[in-house]
Amino acid sequence: MALTEFGLISRFFAGKPNYRSSTHLGIGDDCALLKVPDGYQLAVTTDTMVENVHFLRGTDPRQLGFKLLAVNLSDLAAMGAEPVAVSLALTMPEVDENWLSEFSTGFQALAEQFKVDLIGGDTTTGPLTLTVQAMGLIPAGEALLRSGARPGDLIFMTGSLGDAGLGLKMAQHQSQIDCEKALQRFNCPLPRVQEGIALRTVASSCIDISDGLSADLGHILELSSVGARLDFDQIPLSAGVHQYLNETGDWSFPLCAGDDYELCFTVAPEKAELLNFACTQIGIIESEPGIRISRHGLIDTLKVKGFEHFSK
Ligand code: ADP
Ligand code: MG
């Protein structure tokens, strides 16, 4: 007989010991209960993935479980929060035990890596839709906001740009490039949790690159009422992305491609020496609005945009 709602919750999601002392009560009651230690704030974020919008039918469920949690932990990282707990709302057309087993394995693998407790959720029937709410702790007043960038601040990013975008092209058979790293980055991005925590009291603003650098940096610029000059030749690109640019001539591709889940952040020049992890300076904040990009000595105004729902 097929599993019922409660059967599948207990088989795939409940019953694991909690990692965190902040988890007072986990799965099983009407609500979970969290303790927020004195002097801390709770950061809360939600991200949804819908079949055929965020992922294609037939996507490997283990990668899907991993990525669903990763994109939520990336939002916490972008605020400098330490992830402690998540809830999971699952809407599925039917109970597919093999799919659930793989999905929960991928999800739990990342939860275990960052010691995040799954404290509750909801399970319903309908078109395949996966939602996580993630909660993290930040010392009060130390959250990394989008609104803090000031003219003269240096712009940095972690990792390299455009790999996930290339991975998507490969997955859709729109590129013949053979780059395992790009596929891995697209399917199983690793959220920059430690880097986000290390940026507390150092960065003046921070965002995670989910919709493309130009769009996401654009959010910082808008909320901080500033502009930016980017140095294209400083932006870290993998060998696969270099090959893609050479083959297509589309040099703006890494600036608009989404799903990288790297951090983009600004730091006042006198604090730059406090950065204690691998990252690259890619530009500088200016008072004039907009993004200007210098490339091989020429300066261009960037008009490209990232992905937006409801845009035509
Ligand atoms: P209620 O009807 O009161 O909302 P449910 O019957 O939906 O509660 O869920 C029972 C318990 O299982 C609750 O603690 C809920 O948080 C948890 N739960 C439901 N679905 C999931 C899920 N997909 N993952 C983790 N916990 C879940
Ligand atoms: Mg319910």
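Counting begins at 1 with the first residue of the sequence. Just so you know, ligand 1 is whichever comes first in the structure, and atom 1 is the first atom listed for that ligand. For clarity, every value in this text was computed on a predicted model and none was experimentally measured.
Taking a cut-off of under 4.0 Å to the non-hydrogen atoms of Leu88, the atoms of ligand 1 that pass are 22 (C), 23 (N), 24 (N). Each of the atoms 3 (O) of ligand 1 lies under 4.0 Å from some heavy atom of Asp30. Counting the atoms of ligand 1 from 1 in the order shown, those under 4.0 Å from a heavy atom of Glu5 are 6 (O), 7 (O). For ligand 1, the atoms closer than 4.0 angstrom to any heavy atom of Asp29 are 13 (C), 14 (O).
Panel note: side chain Thr129, backbone Pro127; a donor-acceptor pair is recorded below 3.5 Å. In this structure a side-chain-to-backbone donor-acceptor pair under 3.5 Å is missing from Asp260 to Ile209.
Under a 4.0 Å N-O distance rule, the pair Asp259/Lys67 qualifies as a salt bridge.
At least one heavy atom of Phe6 sits less than 4.0 Å from an atom of ligand 1.
Under the salt bridge (charged side-chain N to carboxylate O under 4.0 Å, His left out) criterion, Arg229 pairs with Glu286, sequence neighbours left out. Residues forming a ring-ring contact (aromatic ring centres under 6.0 Å, His included) with Phe55 (at least two apart in sequence, or on another chain): none.
By the criterion of a heavy-atom distance under 4.0 Å, both the backbone and the side chain of Asp122 are placed next to ligand 1.
For ligand 1, one of its N or O atoms has an N or O atom of Gly121 under 3.5 Å away. The shortest N or O to N or O distance between Phe13 and ligand 1 is not below 3.5 Å.
The aromatic rings of Phe232 and Trp251 sit perpendicular to each other, their planes meeting at more than 60°, with 30° as the lower class boundary.
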